[in-house]
Amino acid sequence: MERKYQTVQKTKKPQKEHRQPKSEKAKRENTKRENIKREKTFEKPFTKGEIISSLFNPSKISEDACYVLEHFDGIVQSVLPVNSRQKLSVPQQIRELSHQLTDERDRRHLSYMNEKTALSAYVRYYMWWNLVRLVRLFSNIDFSKLNLNDESVCLDIGSGPLTAVCALWLACPSLRSKKLTWYCLDVSQQALSVGEEIFLSIAARAPAIEKSASGEEVVSGEESGADSIWKIIKVKGAFGAAIRQKADFAVCANMFNEAFQSDTNPPDFIAKKYCEKLISYTSKNAGFMIVEPGIPRSARFISLLRDAFMRRGYSVCSPCPHSGICPMDGRRAGQSGATGKWCNFSFSTEEAPKALHSLSKQAGIPKERAVLSFVYAVSSQTESKDDALLLRIVSDPIRLPGGRTGFYACCKKGIALAVNKSGMNIKSGMLVASVAPQSENHDAKTGALIVDI
C-alpha cells in the first residue's frame, strides 16, 4: 500500500520587543488545554451548574478522523470491491443481515462473518455506524490513565473486522505513535483479514505523527525510518482462546451482546464469569473498555460487570461519577431496590456522513440516534477530592410541571432528577456539577433525588 510521508519544518519566530495580543485561535487552544488539565486533576472546585465534560463532544474528534469517517465507504470499496450491479443489492443484503442479528438471531451461526456477502454488508453498514459511535465516545475518554508505552500489549476480544482498533486509532492521535501490539481475537478469520486491510488503509489516511530529535514533526512509516504503526496479531478463536502475552489493555465492543444470547444462567453469574475471563487475559495494572448496545439487557450486564471489576479492586473512570452502588442497573421496576432505569447514553446522528444516512435509508434501517452502554475501568484508584455533587446525565430532556426541564442523572446519592434551572444546553452523557440539597426531596414516580443545576 502506497503511503505519503512528509516532514514539517518548524522555524523559530523572531522575538519581538513588545508582547503581542493572543489570537482567538491561541486563546481557544489555551482554554482547551486548561479544560483537559482540569478534567484530569479536578484541581479547582467546581461551581453549581458547571458542565465539566461530555462523552460525545464532537469537537474532540480530530480532522483526519472526521475525513476517514466521511469517506469510509471508499475505504471499504478499495478492500472489498463490488461492481455497480452488486452495489444495487447491498441494501437488501444489509436488511437480511439485520434480521440475522435481531429477530432471527437464534438461527444465526456465530461465524456468520465468514460468509463474504454477510461480511461485505456488515462492514458497509454496521462497521461504519459502529465507528461513528465509538470514535465519538473514545475521543472523549481519557486513555492516558492506561499509561501505555511502546512495549504495551493490547487485546481486542470479538474483534470482527477490527472495528474497535480502527476507532481507537482515529480517536486517539496521542496513541498512534506508540508501538502497540494488538492481539485481535475472533472466530472469523475472514473478518480479521479484511479488518487488518481496513486498519492499514485508515492508518495511511490518518497517519501517526512523531517528533524527531531535532523537534521536527515526522509522519511515521517505513520510508522515514520509523515503524510505529500498531502491530496486528490475528488470533482465530472464541472468547477464552489463549494468547501468547498478557495484555495491558483489553477492549470489547458489541461482543458480549452476542456471547450471552444463549446463556440461561443468571445475569450476575454471567458477569462474574466473564469478568474473571477478562482479567485472566491481562497484566496486573491493566485497563478495560467494554461497550455494548444501549438496551436494557446489555445495560444490566454492564452494571453487573462494573460491580465485578470494583470488587476486584479496579476503579471505574467512566461513565460513573462515583464508586457507589449503580442506581440504574437495569433491573425491572418492582424488584427490591429497582428503579426500572438502565444506564445508557445517546447522541444525535445528524452529523453522521450523508452517504451513510443514504445507505441506511435504502436498507430501511434509518438511525436518528446512536445509543450505547459502557464501562471504562483501570487498576489504579482515581478518587476526586472535590466536594461538588457530580451528575452524569443519562437521559434526554424530560418535561416537568411549570414549564421546567429535567434530566435523569447518576450521582453518589443514587439516581437524581436534575432540574435545569440555569437554562444550559444539557445533553445525554454530560458531567455536570451541582451541590447536595439541604433538604432532600424525591420524585414521586421514580424516587429520584431532585437536584437543581
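Below, all heavy atoms of this structure are taken into account, side chains as well, without hydrogens, waters or symmetry copies.
Distance CE/Met430 to CG/Asn57: 7.5 Å, rounded to 0.5 Å. Atoms CD1 and OG1, on Ile233 and Thr181 in that order, are 5.5 Å from each other to the nearest 0.5 Å. Taken to the nearest 0.5 Å, the CZ atom of Arg306 stands 11.5 Å off from the CD1 atom of Ile302. Atom CD1 of Ile270 and atom CG of Leu304 lie 9.0 Å apart (nearest 0.5 Å). Summarising the geometry, atom CG belonging to Asp268 is positioned 12.5 Å from atom CG belonging to Leu305; distances are rounded to the nearest 0.5 Å. Interatomic distance, CG of Leu431 versus CZ of Arg392, reported as 4.5 Å (0.5 Å rounding).
With a 6.0 Å cutoff to the six-membered ring centre and a 45° limit on the axis angle, Lys277 counts as a cation-pi contact of Phe239.
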Practice task
Kindly indicate, with the supporting measurements, whether the criterion side-chain contact (heavy atoms from CB on, under 4.5 Å) is fulfilled by His71 and Ile75.
Solution key: CA-CA 7 Å; His71 300 88; Ile75 293 176; 5.8 Å; no
Exercise for the section: Mind running side-chain contact (heavy atoms from CB on, under 4.5 Å) on Asn257 and Ile295 for me, showing each step along the way? Expected result: CA-CA 10 Å; Asn257 181 50; Ile295 57 177; 4.0 Å; yes
Handout entry: side-chain contact (heavy atoms from CB on, under 4.5 Å) evaluation trace for Met127 with Cys166
Key = CA-CA 10 Å; Met127 184 178 183; Cys166 293; 4.1 Å; yes
Problem - Gln362/Ser358 under side-chain hydrogen bond (donor to acceptor under 3.5 Å, both in side chains): CA gap, chis, key distance, verdict - result: CA-CA 6 Å; Gln362 293 173 42; Ser358 177; 3.2 Å; yes
Practice task
Tell me, with the steps shown, if Tyr274 and Ile279 meet side-chain contact (heavy atoms from CB on, under 4.5 Å).
Solution key: CA-CA 9 Å; Tyr274 287 150; Ile279 293 175; over 6 Å; no
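Taking both residues in full, the closest heavy atoms of Val451 and Pro437 are given as CG2-CD, 4.3 Å, listed atom of the first, atom of the second, then distance. Taking each heavy atom of Ile229 and Phe199 in turn, the nearest pair found is CG1-CE2, 4.1 Å. Shortest non-hydrogen contact noted between Asp142 and Tyr376 is O-OH, 3.0 Å. For Leu192 against Cys184, the heavy-atom pair with the smallest separation is CD2-O, 3.7 Å. Taking every heavy atom of both residues into account, Met113 and Gly160 meet most closely at CE-CA, 3.9 Å. Here the closest non-hydrogen pair linking Arg176 and Ser62 is NH2-OG, 3.6 Å.
Contacts of Arg133 classified as side chain to side chain donor-acceptor pair (under 3.5 Å), with partners at least two apart in sequence or in another chain: Asn130, Asn254. Every residue meeting the side chain to side chain donor-acceptor pair (under 3.5 Å) condition with Ser152, not counting sequence neighbours, appears here in chain and number order: Asn149. Remark: Ala308 pairs with Cys275, Arg312 by the side-chain contact (heavy atoms from CB on, under 4.5 Å) rule, at least two apart or across chains. For Ser283, the side chain to side chain donor-acceptor pair (under 3.5 Å) partners at least two apart in sequence or on another chain are Asp248. With sequence neighbours excluded, no residue forms a side chain to side chain donor-acceptor pair (under 3.5 Å) with Lys87.
Inspection of the Asp186 and Ser188 side chains reveals no N or O donor paired with an N or O acceptor under 3.5 Å. Using modelled atom types and a 3.5 Å distance limit, the side chains of Ser298 and Trp342 yield no donor-acceptor pair. Using modelled atom types and a 3.5 Å distance limit, the side chains of Gln92 and Glu96 yield a donor-acceptor pair. With 3.5 Å as the limit, one finds no donor-acceptor pair spanning the side chains of Ser280 and Glu276. Looking only at atom types and distance, the side chain of Asp156 has a donor-acceptor partner in the side chain of Ser159 under 3.5 Å away.
In terms of modelled atom types and a separation under 3.5 Å, the side chain of Trp230 and the main chain of Leu175 share a donor-acceptor contact. Side-chain atoms of Ser303 never come within 3.5 Å of backbone atoms of Arg300 as a donor-acceptor pair (strictly under, hydrogens ignored). Side-chain atoms of Gln190 never come within 3.5 Å of backbone atoms of Glu115 as a donor-acceptor pair (strictly under, hydrogens ignored). Without hydrogens or angle criteria, Thr282 side chain to Ala247 main chain gives no donor-acceptor distance under 3.5 Å. Of the possible polar contacts, none joining the His322 side chain to the Leu391 backbone as a donor-acceptor pair under 3.5 Å is found. Judged purely by atom type and a 3.5 angstrom limit, Arg136 uses its side chain to pair as donor or acceptor with the backbone of Phe56. Remark: the backbone N or O of Ser346 is paired with a side-chain donor or acceptor of Ser428 at under 3.5 angstrom. Judged by distance alone, the side chain of Trp128 and the main-chain N or O of Leu69 form a donor-acceptor pair under 3.5 Å. Put simply, the side chain of Glu50 never gets that close to the backbone of Ala433: no donor and acceptor are under 3.5 Å apart. With hydrogens and angles disregarded, a donor-acceptor distance shorter than 3.5 Å links the side chain of Ser139 to the backbone of Val135.
Residues Trp182 and Leu155 have side chains not in contact (no heavy-atom distance under 4.5 Å, counting atoms from C-beta outward). Between Val371 and Phe345, every side-chain heavy-atom pair lies at or beyond the 4.5 Å cut-off. Using a 4.5 Å cut-off on side-chain heavy atoms (C-beta onward), Met289 and Phe138 make contact. The closest side-chain heavy-atom distance from Pro353 to Phe72 is not below 4.5 Å. Counting heavy atoms from C-beta outward, Ser373 and Pro293 have side chains that stay 4.5 Å or more apart. Between Val435 and Leu389 there is no side-chain heavy-atom pair separated by less than 4.5 Å. Between Val82 and Gln77 there is a side-chain heavy-atom pair separated by less than 4.5 Å. Proximity of Leu417 to Thr446: side-chain heavy atoms (C-beta onward) are nowhere separated by under 4.5 Å.
Remark: Lys273 NZ is packed, more than 12 non-hydrogen atoms of other residues, nucleotides or ligands lying under 6.0 Å away. Heavy atoms from other residues, nucleotides or ligands lying under 6.0 Å from CD1 of Ile325 number 12 at most.
For residues 348-372, the pairs satisfying salt bridge (charged side-chain N to carboxylate O under 4.0 Å, His left out) are Arg369-Asp396, with sequence neighbours left out.
The aromatic ring centroids of Phe288 and Phe309 lie less than 6.0 Å from each other.
A salt bridge does not link Arg205 with Asp64: none of the charged nitrogens is closer than 4.0 Å to a carboxylate oxygen.
Relative ring orientation between Tyr125 and Trp129 is described as perpendicular, the plane-to-plane angle rising above 60° on a 0-90° scale split at 30° and 60°.
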